[in-house]
Amino acid sequence: MSPELTVLTLAALLQAVQFLAYAIPANREVGPGYTMSARDRNPSRPMSDRTARLGRAFDNHFEGLILFGIAVGVTQMSGQNSGFTAVCAWIYLIARIAYVPAYAMGLRPHRSLIWCVGFFATVLILIAALF
């Protein structure tokens, strides 16, 4: 498996870990009656700021993972894998890992800067695939 595909797999596993990091406290805070419902109404009890941030970080990773998955797919299918694209992939993953606690702790502007690192690493993979 190429380094880029390895990182994509690890990024998908990070998403699973993020789900657990969010779902467990959310179930404790708002109760399984709400979390297993259709969620047509707001919960009767609010989530803590930290849990809500973990949920937003989880959602944000889905958004980033789509573009990163495209970048890895294009690189892989076009045979444009290189040391550069591998390093960019690892930078993406490290940034995504760092983003979760930065967001959960409400670190500003650090979380945004960390997000930018991961985003630009992904963009660089896409640009590299064009050459």
Side-chain angles (χ1 to χ4, degrees):
M1 185 176 342
S2 71
E4 296 86 352
L5 285 175
T6 299
V7 173
L8 181 59
T9 303
L10 293 172
L13 291 172
L14 173 61
Q15 188 70 358
V17 170
Q18 282 187 257
F19 171 73
L20 294 173
Y22 167 59
I24 292 169
N27 272 291
R28 286 187 191 141
E29 293 173 19
V30 299
Y34 175 75
T35 59
M36 293 189 306
S37 73
R39 299 180 193 170
D40 294 329
R41 294 178 189 83
N42 290 329
S44 58
R45 297 179 297 200
M47 280 189 270
S48 68
D49 289 344
R50 182 174 180 268
T51 300
R53 286 187 201 122
L54 285 169
R56 291 191 298 274
F58 173 68
D59 291 341
N60 182 274
H61 190 203
F62 269 125
E63 295 166 7
L65 197 53
I66 292 167
L67 187 59
F68 181 70
I70 291 168
V72 170
V74 167
T75 300
Q76 191 71 33
M77 289 184 272
S78 66
Q80 298 291 326
N81 305 68
S82 66
F84 178 75
T85 59
V87 167
C88 287
W90 283 107
I91 289 170
Y92 168 84
L93 182 62
I94 291 165
R96 291 313 308 187
I97 291 168
Y99 182 80
V100 176
Y103 202 138
M105 293 185 286
L107 301 179
R108 294 179 316 182
H110 302 90
R111 75 169 175 91
S112 295
L113 295 173
I114 293 166
W115 179 89
C116 285
V117 168
F119 176 77
F120 286 119
T122 302
V123 169
L124 288 173
I125 295 170
L126 289 165
I127 292 170
L130 292 174
F131 297 103

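Along the sequence shown, residues carry numbers from 1.
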Non-neighbouring partners of Ala102 that pass side chain to side chain contact (heavy atoms under 4.5 Å, CB included), sequence neighbours left out: Leu107, Arg111, Ile114
Any residue meeting side chain to side chain contact (heavy atoms under 4.5 Å, CB included) with Val87, in chain and number order, not counting sequence neighbours: Ile91
Shared hydrophobic cluster for Leu67 and Ile127 (ILVMFWY, side-chain gaps under 4.5 Å): yes
Qualifying residues under side chain to side chain contact (heavy atoms under 4.5 Å, CB included), relative to Val17, sequence neighbours excluded: none
Residue list, side chain to side chain donor-acceptor pair (under 3.5 Å) with Thr9, at least two apart or on another chain: none
Common cluster, Leu14/Leu8, ILVMFWY with side-chain heavy-atom separation under 4.5 Å: yes
With a cut-off of 3.5 Å and sequence neighbours excluded, list every side-chain donor-acceptor pair involving residues 70-77.
from: Thr75; atom 1: OG1; to: Ala71; atom 2: O; distance (Å): 2.8
from: Gln76; atom 1: OE1; to: Ser2; atom 2: OG; distance (Å): 2.7
from: Gln76; atom 1: OE1; to: Asn81; atom 2: ND2; distance (Å): 3.0

Joint hydrophobic cluster, Trp115 plus Val123, side-chain heavy atoms closer than 4.5 Å: yes
Listed partners of Arg56 passing side chain to side chain donor-acceptor pair (under 3.5 Å), at least two apart: Tyr103
Closest approach of Val117 to Ala95 (non-hydrogen atoms, all atoms of both residues): CG1-CB, 4.1 Å
From CD (Glu4) to CH2 (Trp90), nearest 0.5 Å: 10.5 Å
Cluster check Leu130, Phe119: I/L/V/M/F/W/Y, side chain < 4.5 angstrom: yes
Nearest heavy atoms of Met47 and Ala26, plus distance in Å: SD-CB, 3.9 Å
Gln18 side chain reached by Tyr99 side chain, heavy atoms, under 4.5 Å: no
Taking every non-hydrogen atom, the tightest pair across Ala21 and Leu54: O-CD1, 3.4 Å
Set of side chain to side chain contact (heavy atoms under 4.5 Å, CB included) partners for Asp59, sequence neighbours left out: none
Taking every non-hydrogen atom, the tightest pair across Thr51 and Pro25: OG1-CB, 3.5 Å
Verify same cluster id: Val100, Ile97 (apolar side-chain graph, 4.5 Å): no
Minimum side-chain heavy-atom gap Leu126-Gln80 below 4.5 Å: no
Cys88 to Leu124 - nearest heavy-atom pair and separation: SG-CB, 3.9 Å
For Ala86 against Pro3, the heavy-atom pair lying closest together: CB-CB, 3.7 Å
Sequence neighbours excluded - ring pair (Phe, Tyr, Trp, His ring centres under 6.0 Å) pairs with any residue from residues 42-89: Phe19-Phe58, Phe58-Phe62, Phe68-Tyr92
